[in-house]
Amino acid sequence: MCACFNFSRQAINPQIAQKATELALQARDKLEGSGASLALIGRAGQNLSRYGVRYSHFGFVWRDHPKGKWRVVHQLNECGTDRSEIYDEGLANFFMDDLWKMEAVILIPTAQTQERLAGLLAARRHLDFHNAHYSMVAYPYSTRYQNSNQWALEIIAAAGSRDVPVTNREQAQQWLKLAGYQPTELKLDTLTRLGARMTKANIAFDDHPGDLRWSDRIRTVTVDSVFKFVQTREPEAKRMVVAQRQGLSRIDN
């Protein structure tokens, strides 16, 4: 649920850099072999298994560039702050953080969805949906804050709407409600929420409805919930997992 970049961090550990590069090469090979021009790509940056969540962060990987290189467009939180920015970087950089698992998940939507998403990125319309006020657990149906997965989901909403143009966050969230998107629900008690809010600038709960918050139910956008949503709408979408540590990859349909 959190993806951050520490602007003051020291040089990358050579072993991490090597593993990130190897994983990026595996992911690139899978993308090349798929024939896709755009996909959703996620990573396991944190251990979120206690919440039933496998992947922490995702963005869009596409190759609509003069040199034909695969690039990742995604939102990152500046670690320790409540701010975020949109990044356009290479595949290796996407995995360069000290991830919990050197594992990637790739979801290839239909050709029509790929085309529509690529059009939004090429026109830089994805920037219209960015809110720099970051919260790791931002509520899916509020525009007060935004987490990185929520930003990407709202771009998917803009691409998914066929009849009515979706040009801002409010419209994207309304479309997601009508389309049946189901966020991940976390069980966080009052003490946990209070401790997180007091010690972390990038965590806020005041955008969540009171009836949910006071019953310890925090709903937010996760990679797992977004991929499930896309696959429900597009059963033909192809899901691939690339696991660098095991040196293997597989396709999950």
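Bear in mind that the values here come from a model prediction, so they are computed numbers and not experimental data.
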**OP:** Could you give me the CA-CA distance, side-chain angles and deciding distance for N202 and D82, then say whether side-chain hydrogen bond (donor to acceptor under 3.5 Å, both in side chains) is met?
**Re:** CA-CA 4 Å; N202 60 358; D82 62 353; over 6 Å; no

Using the rule given for side-chain hydrogen bond (donor to acceptor under 3.5 Å, both in side chains), can you reason through N147 versus S135, listing the C-alpha separation, both sets of side-chain angles and the distance that settles it, and then say yes or no? CA-CA 6 Å; N147 75 21; S135 172; over 6 Å; no

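With hydrogens and angles ignored, the 3.5 Å screen pairs a side-chain donor or acceptor of N47 with a backbone N or O of S49. Although no hydrogens or angles enter the test, the distance criterion places no donor-acceptor pair under 3.5 Å between the side chain of R219 and the main chain of V137. Judged purely by atom type and a 3.5 angstrom limit, Q146 has no side-chain atom pairing as donor or acceptor with the backbone of A138. Proximity of a side-chain donor or acceptor of T220 to a complementary backbone N or O of Y139 within less than 3.5 Å is not detected. Side-chain atoms of N77 come within 3.5 Å of backbone N or O of T81 as a donor-acceptor pair.
Rounding to the nearest 0.5 Å gives a distance of 9.0 Å between CE of M240 and CG of L107. Atoms CG and CH2, on L31 and W62 in that order, are 14.5 Å from each other to the nearest 0.5 Å. Residue L40 holds its CG atom at 9.5 Å from CD of Q231, rounded to the nearest 0.5 Å.
In the displayed structure, R162 atom CZ is contacted under 6.0 Å by more than 12 heavy atoms of other residues, nucleotides or ligands.
Cation-pi contact between R43 and Y55: absent, since separation from the ring centre below 6.0 Å together with deviation from the ring axis within 45° is not met. In this structure, K19 fails the cation-pi test against F95, since its NZ or CZ atom is not both closer than 6.0 Å to the six-membered ring centre and inside 45 degrees of the ring normal.
There is no side-chain donor-acceptor pair under 3.5 Å between Q150 and Q75. Between the side chains of H130 and S84, at least one donor N or O sits under 3.5 Å from an acceptor N or O. Checked by atom type, the side-chain pair Q174/E170 shows no donor-acceptor distance below 3.5 Å. Using modelled atom types and a 3.5 Å distance limit, the side chains of Y181 and S225 yield a donor-acceptor pair. Side-chain contact annotation: E78 with Y134, donor-acceptor N/O pair under 3.5 Å absent. In this structure, a donor-acceptor pair under 3.5 Å is present between the side chains of Q171 and T167.
L25 and L99 are not part of a single hydrophobic cluster, where members link through side-chain heavy atoms under 4.5 Å apart.
A ring-centre distance under 6.0 Å is not found for Y145 and H133. Ring centroid separation for the pair H74 and F58 does not come in under the 6.0 Å cut-off.
Electrostatic pairing of D224 and R54 does not count as a salt bridge here, judged by no charged N lying under 4.0 Å from a carboxylate O. For D216 and K187, the salt-bridge test fails: no basic side-chain N is under 4.0 Å from an acidic carboxylate O. Comment: K30 does not engage E32 in a salt bridge, judged by the lack of any side-chain N to carboxylate O separation of less than 4.0 angstrom.
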